[in-house]
Number of protein chains: 2
Amino acid sequence: MLTSVSVQTLQRLPVYLNLLKSECMQQAVYVSSKTIAESLGLHEIQVRKDLASVSSGGKPKVGFSKITLIRDLETYLGYNDSNDAILVGAGKLGKALLAYDGFKEYGLNIVAAFDNDESLAGQKEGNVPILSLSKMNDICDRMKIRIGIITVPSPAAQSICDQMVASGILAVWNFAPAHLDVPEHILVKNENMAASLAVLSRHLMDKFTD
Amino acid sequence: MLTSVSVQTLQRLPVYLNLLKSECMQQAVYVSSKTIAESLGLHEIQVRKDLASVSSGGKPKVGFSKITLIRDLETYLGYNDSNDAILVGAGKLGKALLAYDGFKEYGLNIVAAFDNDESLAGQKEGNVPILSLSKMNDICDRMKIRIGIITVPSPAAQSICDQMVASGILAVWNFAPAHLDVPEHILVKNENMAASLAVLSRHLMDKFTD
DNA sequence: GGTATATCGATAATTGTATATCGATATACC
DNA sequence: GGTATATCGATATACAATTATCGATATACC
């Protein structure tokens, strides 16, 4: 427990959590690494290693306590204390994310959205107010916002990102298909649809050319 | 060239392409791996290795021909010949993806959407017709659709996925936060928002506890 | 035309991740 | 209570990805 966890492991943790909370595990009290591995198509050794880094041990013969595991995973992933975030770019994708109410389950709370189209200012989308971009700095500062979500077109992304960093944002979730340059201590997580599509597309191409 | 490319490399290719096409490279004729690496925060050796697997060589002292590189990347990624796809789940996220017109740039063409809410049938979103789920099998079969996009709530995801596979789908792009079980030859690419959030959230937690 | 140098490409070392092996232990069952 | 066994956890191996090293080569400049 408490060792530094690799990004790969980290990204598997929500998947474990999701499985443990799902219907098919409803009545389970103990869950073995083997069961988890088989359900997710992973190897049991990997599951054990992943879980070992965020939770206290399981019991031989029976496995891991489900509720303990859920509690530890949620704590580690920060689902208990919520993170406030702002979103910039209230276009189609931006509005969809604002309306999506699943984020609070993951401890993410979007408190405001911004757009440089002033005609949107004053509207609401999924209970989140859309405001003029000029107010971003002030609000981030006052509310100590640390997460920024970028859903603007690519050419504008870097500029918005710079403004976010200047406003005290520490982690950027970038939905624009563009590379962002940031100071060292800032984290950028790209939700790169093009990259995903590349994997899909090549899979099909390979299937039909050999 | 033409060696099998790792998923990691594959996912970087669209990023290279995006950079090469961006404004800041507008007037360049030759681009060196060093330039690319610096722009993207990567190492030049990695860039050279990645490019070597999809394009023919560069020239010492000057670098790679930009247009050749763009052409080879687009060919490799299949941006030239388009892939038809269907989408299931015309909720908020589904509609956002339908309305997003950036996919055709990547060679993805969503031809129809399906939802089990019959009241949506007949509507259009971003020029894509929304149809009754019961018609999915028939349409996939007739149009030889090979890509399916899942934007339904988690509990329904596996069932939809099974129907897709039964309809001849070979690659699934899964936006539901759920693990999908599929036969071996089927590819599932998860667009896992929870996993991304985990990375963001832990970054912040680590920042504030050491 | 000759030389210096930027950049490439191949090979090698390193790091990191995933998988395998094996002894230890708590539970279940006799 | 004793024994068999499922499962854990630690150490070790194998594999894949990234980073480093170095010689080769085409361009630029004198």
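Remember, it's a predicted structure, so these values are computed and weren't measured experimentally. By convention in this document, chain letters (A, B, ...) are assigned in the order of the sequence lines, proteins followed by strands, and residues within each chain are numbered from 1.
Taking side-chain N and O atoms only, B:R48 has no distance below 4.0 Å to OP1 or OP2 of D:dA20. Between A:S33 and D:dC8, a side-chain N or O to OP1/OP2 separation shorter than 4.0 Å is present. A sub-4.0 Å separation between OP1 or OP2 of D:dT19 and a side-chain N or O of B:H43 is present.
Ring geometry, A:F103 versus A:Y100: the interplanar angle exceeds 60°, so the pair is classed perpendicular (tilted spans 30 to 60°).
Remark: C1' of D:dT7 and NZ of A:K61 are 8 Å apart, rounded to the nearest angstrom. Straight-line distance from the CZ atom of A:F64 to the C1' atom of D:dA6: 13 Å, rounded to whole Å. Rounded to whole Å, atom P of C:dT19 lies 17 Å from atom NZ of A:K34. Counting to the nearest Å, the C1' atom of C:dT17 and the CG atom of A:L10 are 15 Å from each other. Between A:D50 atom CG and C:dG16 atom C1' the separation is 14 Å, expressed in whole Å. With rounding to whole Å, A:Y30 atom OH is found 13 Å from D:dC8 atom C1'. Distance, A:Q46 CD to D:dT13 P: 20 Å, rounded to whole Å.
A:L133 places a side-chain heavy atom less than 4.5 Å from the side chain of A:I160. Looking only at side-chain heavy atoms (C-beta outward), B:Y16 and B:L51 come within less than 4.5 Å of each other. The closest side-chain heavy-atom distance from A:M164 to A:V88 is below 4.5 Å.
When each of A:Q8 and B:G63 is assigned the nucleotide of DNA chain C with its nearest heavy atom, B:G63 is the one assigned upstream, toward the 5' end. Between A:I45 and A:V62, the residue anchored nearer the 5' end of DNA chain D, judged by the nucleotide with its closest heavy atom, is A:V62. Each of B:S32 and B:K49 was matched to the nucleotide of DNA chain C holding its nearest heavy atom; the match closer to the 5' end belongs to B:S32.
Distances from the side chain of A:K59 to the nucleotides C:dC8, C:dT5, C:dT27 place C:dT27 closest. Among the nucleotides C:dC8, D:dC8, D:dA28, the one closest to the side chain of A:P60 is D:dC8.
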Test log, rule side chain to side chain donor-acceptor pair (under 3.5 Å), inputs A:K66 and A:Y30:
CA-CA 5 Å; A:K66 192 183 75 175; A:Y30 284 93; over 6 Å; no

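Put simply, CG on B:L98 and NZ on A:K92 are 10.5 Å apart, with the number rounded to the nearest 0.5 Å.
Considering every non-hydrogen atom in both A:H203 and B:I186, the closest pair reads NE2-C, 4.4 Å.
Contacts of B:S6 with the nucleic acid, taken as non-hydrogen atoms under 4.0 Å apart, involve only primed sugar atoms and P, OP1 or OP2.
Remark: DNA chain D forms stems of 3 or more consecutive Watson-Crick or G-U wobble pairs, all pair distances under 3.5 Å, at C:1-30 with D:1-30.
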